[in-house]
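Scroll down for the structure; my scribbles are underneath it.
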Amino acid sequence: MSGGEPPAGGPRAVRETARHLLRGPGVLRGASALRRMNREGGFDCPGCAWPADPHAGLLDFCENGAKALAHEATRRRADPDFFARHPVAALRERADAWLEARGRITHPMRRRPGASHFEPVSWDLAFERIGHHLGRLESPDQVVFYTSGRTSNEAAFLYQLFARRLGTNNLPDCSNLCHESSGRALLETLGSGKGTVSLQDFDRADAIFVIGQNPGSNHPRMLSALARARRRGARIVSINPLRERGLVAFAHPQEPAGLLGVGTPLAELFCRVRVGGDIALLAAIMRELLDREQREPGKVLDRGFIAEHTEGFEAFEAQLLGLDRERLRLLAGVPEEEIRRAAEIYAGAGRTIVCWAMGITQHEHGVDNVRQIVNLLLLRGNVGVPGAGALPVRGHSNVQGDRTMGIVPDPSHALLDALAREFAFEPPRRPGLDSVGALEALDAGRIRVFVGLGGNFAVANADSERAQAALGRAALGVHVATTLNRTHLAASGEAILLPCLARSERLPGGESAFVTVEDSMAVVTRSVGRLPPASPHLLSEMAIVAGMARAARPSDPLDWEALAADPDRVREHIARVIPGFHDMNRRVREPGGFVLPRSGFGGRHFGTPGGRARFTPISPPEPSLAPGELLLTTVRSHDQFNTTVYGEDDRYRGIRGGRRVVMLHPDDLARLGLADGCAVRLSSRLGDRVRTLEGFRAVAYDVPRGCAVTYFPEANPLVFAERRDPRSRTPAFKSIPVRIEPASDAPSG
Ligand SMILES: Nc1nc2c(c(=O)[nH]1)N[C@H]1C(S)=C(S)[C@@H](COP(=O)(O)OP(=O)(O)OC[C@H]3O[C@@H](n4cnc5c(=O)[nH]c(N)nc54)[C@H](O)[C@@H]3O)O[C@H]1N2
Ligand SMILES: Nc1nc2c(c(=O)[nH]1)N[C@H]1C(S)=C(S)[C@@H](COP(=O)(O)OP(=O)(O)OC[C@H]3O[C@@H](n4cnc5c(=O)[nH]c(N)nc54)[C@H](O)[C@@H]3O)O[C@H]1N2
Ligand SMILES: [Mo]
């Protein structure tokens, strides 16, 4: 542990939890809700997708899960009176954080074409307006149905069914911006888009590599699993441009020692890779492994596994041996000594887990990044055995489940055939739009209606100012939401806000009134809302989807009303349509729920065409920076959930008093003639298009030279939608070539 830094967690995390509860639901109501979070018979945390932990004592939540809960259980209300006082034009001038902090939306609201304000409407009229617009489309492909990953399995299933019965596969969702690269690469190399690790594997792994992930802020409950592993001797390596505090040491705030601030050290090695340098770094580590294997044949590679269960090893090895080591080190930006230590830890471990998140997926080579991780795992047979495997750590609490339920723009024939059989209709076979595809189609004026089931499409997307303007070209925007955000304020002809029950709130109905979610390790569990609804006018997401579907096609023979009223009926359909969900209503009521089948998990049967896992030869990408440019990456602070910003400070990184900062190595500051703390302007360029952001502050920080770090979503106007991975189409949020200059003296706006 380095001098002076307190461990992550500890007493401060407890104080922060209490502070957020106080501001949100109040301490008593909040604390009683927290006791129910991630517990059998309680509700799933609305934060991240880390699984419920059977080792957790009475409580299984973290500071940031508590913040997510406090935000949705807030006592503040954006009611009709609020909307009457604030014209939409004035709301647009407000900061995103201010909009969110107005609290829960209480009534369905409508802004008529050309009107200055949102006004309350009845649910009936809201649905009627949606039906009116959907009924006037020339083609069903003129509507897009966006989803954010907080939506339950049941609502997601109904939503994709609604879109397909209408005749479109336009189902973009937040995972297009998130782990899409993981899904693509894993499907191709291991035969299933899901990870191969379960929580129990953390109790058996000898080494854990955490790549491009900051669990201290974004998956804090994962730190308990890492600390347990470390205490029994597992070795932890972080590969990240930043030395993230949460991976240095962790004091569990719900354990006596942790409460006193006594921490368990976590990562023993921090490979400070250059932004975008992971393929080169892993190649260098693998070169080191091949060398060791040559010196001690049979000791380093798992030859048996490679021969029996993989394909493509020879081509992969030949390509790797052809790479220039000096060049790899340069591209990675990691000293030889650290590369050797990382290889030593990997070669010395019987079983290794590699986990990763957005530092890996959000690049133009995001899919290749993940394939390279798979290469590393395959070399030592680290898939399909306990204590080892590939773990894309998911973001939103049910983002994985939403995809499983069929929220995909390019569905498999199998899914469409199953839907056709179950619901007696002919689903559309044309592929639909993903998130950047939807942005581009909106911008081109091809979309008449935008529907968002949660999320903040225009702010979270690439090129966010363009996205906001593009949404303005739709005739109707429909936003199913809990709290207000900028996407809702886009200038579409007409706008409808439909307020829904949040995860923690009671659904109407009897014993079957619960929803289900799938966590990062493919475990499906119940989530039973417990809090009273924020307003008597809210509907469940299921009821809202059913209402829209009925309004769109009044004569649809499907009994949408019955489905909305009884989630068990929705689950009966899911059980027949989605593989792995048979007997869902019974199995999900069992303690701990059930685990979905996936390949490379608990066995070495891979779902690839040949039944074998695949090595892929990969050339490390050369950064394409123009002279004077740096490679900018965007991160989350400790005090936000995606586009919902709770506070301006980033405690673990020591950044205070504002998020419009760009972190740079002191040498780069000097080189650019910038003083620590000075005002700067950021710009990015593609061809002759330039995007500029003013009002940033440059700060000296421990960042690799040539790289820069700033916050998501403030930087999103700089991200060109065209700069994306060609296969996953995920925007390169984590490698944006930028120019950083002193702010112009001209007074701005
Ligand atoms: N409290 C909280 N929890 C969350 C979220 C939240 O906003 N707040 N968001 C949720 C969602 S949707 C998601 S997807 C996850 C996101 O979880 P993370 O992926 O952990 O989040 P990020 O902050 O985007 O970035 C991760 C890390 O990548 C590193 N990084 C940046 N560029 C590179 C690179 O080129 N190579 C490598 N190796 N590392 C790099 C950054 O330094 C950072 O530590 O968290 C989920 N959980
Ligand atoms: N530069 C940059 N851009 C990024 C990223 C990055 O790392 N860097 N990360 C990307 C990633 S990983 C993701 S997942 C996306 C996130 O993209 P989104 O999922 O679209 O965005 P969120 O900020 O999570 O959405 C927040 C909104 O969801 C609504 N909401 C909250 N809870 C509920 C609920 O229970 N039901 C409903 N219906 N609505 C609810 C609220 O209105 C809130 O304003 O952003 C992506 N964009
Ligand atoms: Mo995400």
Side-chain angles (χ1 to χ4, degrees), residues 46-50 62-65 67-68 71-72 96 99-100 105 146-152 155 173-179 210-220 238-242 244 246-247 271 273-278 281 356-363 369 393-397 399 435 452-462 464 479-488 498-505 541 544 631 633-646 703 707 709-716 718-719 730-731 733-736:
C48 77
W50 191 256
C62 69
E63 174 191 338
N64 282 353
K67 288 178 193 165
H71 185 69
E72 71 174 42
D96 297 60
L99 297 174
E100 286 278 353
I105 304 167
Y146 180 69
T147 323
S148 167
R150 211 171 262 186
T151 294
S152 65
D173 91 309
C174 71
S175 58
N176 304 141
L177 310 172
C178 183
H179 263 297
V210 182
I211 312 188
Q213 192 202 346
N214 179 22
S217 291
N218 301 317
H219 305 92
S238 162
I239 296 182
N240 195 315
L242 301 182
E244 300 284 23
L247 284 168
C271 289
V273 67
R274 268 194 51 251
V275 167
D278 299 272
L281 175 61
W356 69 90
M358 298 302 103
I360 282 296
T361 60
Q362 296 173 332
H363 295 272
N369 269 342
V393 183
R394 304 280 164 178
H396 267 298
S397 51
V399 61
S435 290
L453 184 56
N456 195 353
F457 175 84
V459 176
N461 220 324
S464 46
H479 311 281
V480 182
T482 48
T483 49
L484 187 63
N485 66 45
R486 189 163 302 284
T487 297
H488 309 154
L498 301 177
C500 64
L501 292 166
R503 180 77 62 75
S504 52
E505 289 167 348
E541 290 183 334
I544 294 174
L631 203 52
T633 189
T634 57
V635 297
R636 290 159 169 76
S637 78
H638 192 64
D639 222 3
Q640 72 183 89
F641 195 93
N642 295 345
T643 64
T644 303
V645 173
Y646 307 127
V703 180
C707 304
V709 180
T710 189
Y711 293 112
F712 150 57
E714 283 80 355
N716 287 38
L718 292 176
V719 183
T730 300
F733 295 123
K734 297 273 192 282
S735 41
I736 314 164

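Residue numbers run from 1 in the order of the sequence given. In each ligand, atom 1 is the first atom listed, and ligand 1 is the first ligand listed.
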**OP:** Consider only side-chain N and O atoms of Thr730 and Gln362, and report whether a donor and an acceptor are under 3.5 Å apart.
**Re:** no
Original post:
Which ligand 1 atoms, with their elements, are less than 4.0 angstrom from a heavy-atom of Ser217?
Top reply: 1 (N), 2 (C), 3 (N)
Original post:
With sequence neighbours excluded, what pairs up with Ser435 under the side-chain hydrogen bond (donor to acceptor under 3.5 Å, both in side chains) test?
Top reply: Asn176
Original post:
What atoms in ligand 1 come closer than 4.0 Å to a heavy atom of Cys48?
Top reply: 47 (N)
Original post:
At a 4.0 Å threshold, what atoms of ligand 1 neighbour a non-hydrogen atom of Pro241?
Top reply: 30 (N), 33 (C), 37 (C), 39 (N), 40 (C)
**OP:** Go through the structure and list residues passing ring pair (Phe, Tyr, Trp, His ring centres under 6.0 Å) with Phe733, not counting sequence neighbours.
**Re:** none
**OP:** Using a strict 4.0 Å cut-off to heavy atoms of Val275, name the atoms of ligand 1 that fall inside it.
**Re:** 35 (O)
**OP:** Run the numbers for me: atoms of ligand 1, each under 4.0 Å from some heavy atom of Ile239, listed by number.
**Re:** 38 (N)
Original post:
Can you say whether the rings of His396 and Phe641 are parallel (under 30°), tilted (30 to 60°) or perpendicular (over 60°)?
Top reply: tilted
Subject >> side chain to side chain contact (heavy atoms under 4.5 Å, CB included) assessment of His479 paired with Tyr146 >> reply: CA-CA 10 Å; His479 311 281; Tyr146 180 69; over 6 Å; no
Subject >> Polar contact flag for Leu242 and ligand 1 (N/O pairs, less than 3.5 Å) >> reply: no
Original post:
Taking His179 for the side chain and Val393 for the main chain, is one N or O donor matched with an acceptor at less than 3.5 Å?
Top reply: yes
Which protein N or O atoms sit under 3.5 Å from any N or O of ligand 2? Give each pair with its distance.
residue: ligand 2; atom: 1 (N); partner: Thr634; partner atom: OG1; Å: 3.1
residue: ligand 2; atom: 1 (N); partner: Asn716; partner atom: OD1; Å: 2.7
residue: ligand 2; atom: 3 (N); partner: Asn716; partner atom: ND2; Å: 3.1
residue: ligand 2; atom: 7 (O); partner: Gln362; partner atom: OE1; Å: 3.0
residue: ligand 2; atom: 7 (O); partner: Gln362; partner atom: NE2; Å: 3.4
residue: ligand 2; atom: 7 (O); partner: Arg636; partner atom: NH1; Å: 3.0
residue: ligand 2; atom: 7 (O); partner: Lys734; partner atom: NZ; Å: 2.9
residue: ligand 2; atom: 8 (N); partner: Thr634; partner atom: OG1; Å: 2.9
residue: ligand 2; atom: 9 (N); partner: Gln362; partner atom: NE2; Å: 3.1
residue: ligand 2; atom: 9 (N); partner: Arg636; partner atom: NH2; Å: 3.2
residue: ligand 2; atom: 19 (O); partner: Ser148; partner atom: OG; Å: 2.7
residue: ligand 2; atom: 19 (O); partner: His396; partner atom: NE2; Å: 2.9
residue: ligand 2; atom: 20 (O); partner: Tyr146; partner atom: OH; Å: 2.7
residue: ligand 2; atom: 20 (O); partner: Asn456; partner atom: N; Å: 2.9
residue: ligand 2; atom: 23 (O); partner: Thr643; partner atom: N; Å: 2.9
residue: ligand 2; atom: 23 (O); partner: Thr643; partner atom: OG1; Å: 2.5
residue: ligand 2; atom: 24 (O); partner: His396; partner atom: NE2; Å: 2.9
residue: ligand 2; atom: 24 (O); partner: Asn642; partner atom: ND2; Å: 3.1
residue: ligand 2; atom: 28 (O); partner: Gly455; partner atom: N; Å: 3.1
residue: ligand 2; atom: 30 (N); partner: Thr482; partner atom: OG1; Å: 3.3
residue: ligand 2; atom: 32 (N); partner: Arg150; partner atom: NH1; Å: 3.1
residue: ligand 2; atom: 32 (N); partner: Thr482; partner atom: OG1; Å: 3.4
residue: ligand 2; atom: 36 (N); partner: Glu541; partner atom: OE2; Å: 2.7
residue: ligand 2; atom: 38 (N); partner: Gly454; partner atom: N; Å: 3.4
residue: ligand 2; atom: 38 (N); partner: Val480; partner atom: O; Å: 3.1
residue: ligand 2; atom: 38 (N); partner: Glu541; partner atom: OE2; Å: 2.7
residue: ligand 2; atom: 42 (O); partner: Thr483; partner atom: O; Å: 2.7
residue: ligand 2; atom: 44 (O); partner: Glu100; partner atom: OE2; Å: 2.4
residue: ligand 2; atom: 44 (O); partner: Asn485; partner atom: ND2; Å: 2.7
residue: ligand 2; atom: 47 (N); partner: Ala460; partner atom: O; Å: 2.7

**OP:** May I ask you to list the atoms of ligand 1 that are less than 4.0 angstrom from any heavy atom of Asp278?
**Re:** 34 (C), 35 (O), 36 (N), 37 (C), 38 (N)
**OP:** Using only heavy-atom distances, determine whether the side chains of Asp639 and Ser637 contain a donor-acceptor pair under 3.5 Å.
**Re:** no
Original post:
Where the side chain of Asn369 meets the backbone of Ile360, is there a donor-acceptor pair that is under 3.5 Å apart?
Top reply: yes
Original post:
Which of the atoms in ligand 1, numbered in the order shown and given with their element, are less than 4.0 Å from a heavy-atom of Gly276?
Top reply: 34 (C), 35 (O)
**OP:** Using side-chain contact (heavy atoms from CB on, under 4.5 Å) as the criterion, point out the one residue from Val719, Val635, Thr634 that pairs with Phe712.
**Re:** Thr634
Original post:
Which ligand 1 atoms, with their elements, are less than 4.0 angstrom from a heavy-atom of Asn64?
Top reply: 1 (N)
Original post:
Is there a donor-acceptor pair under 3.5 Å between the side chain of Arg486 and the backbone N or O of Ala458?
Top reply: no
Original post:
side-chain hydrogen bond (donor to acceptor under 3.5 Å, both in side chains) with Glu72: which residues, sequence neighbours excluded?
Top reply: Ser504
Original post:
What do you reckon, does Gly47 put a non-hydrogen atom under 4.0 Å from ligand 1?
Top reply: no
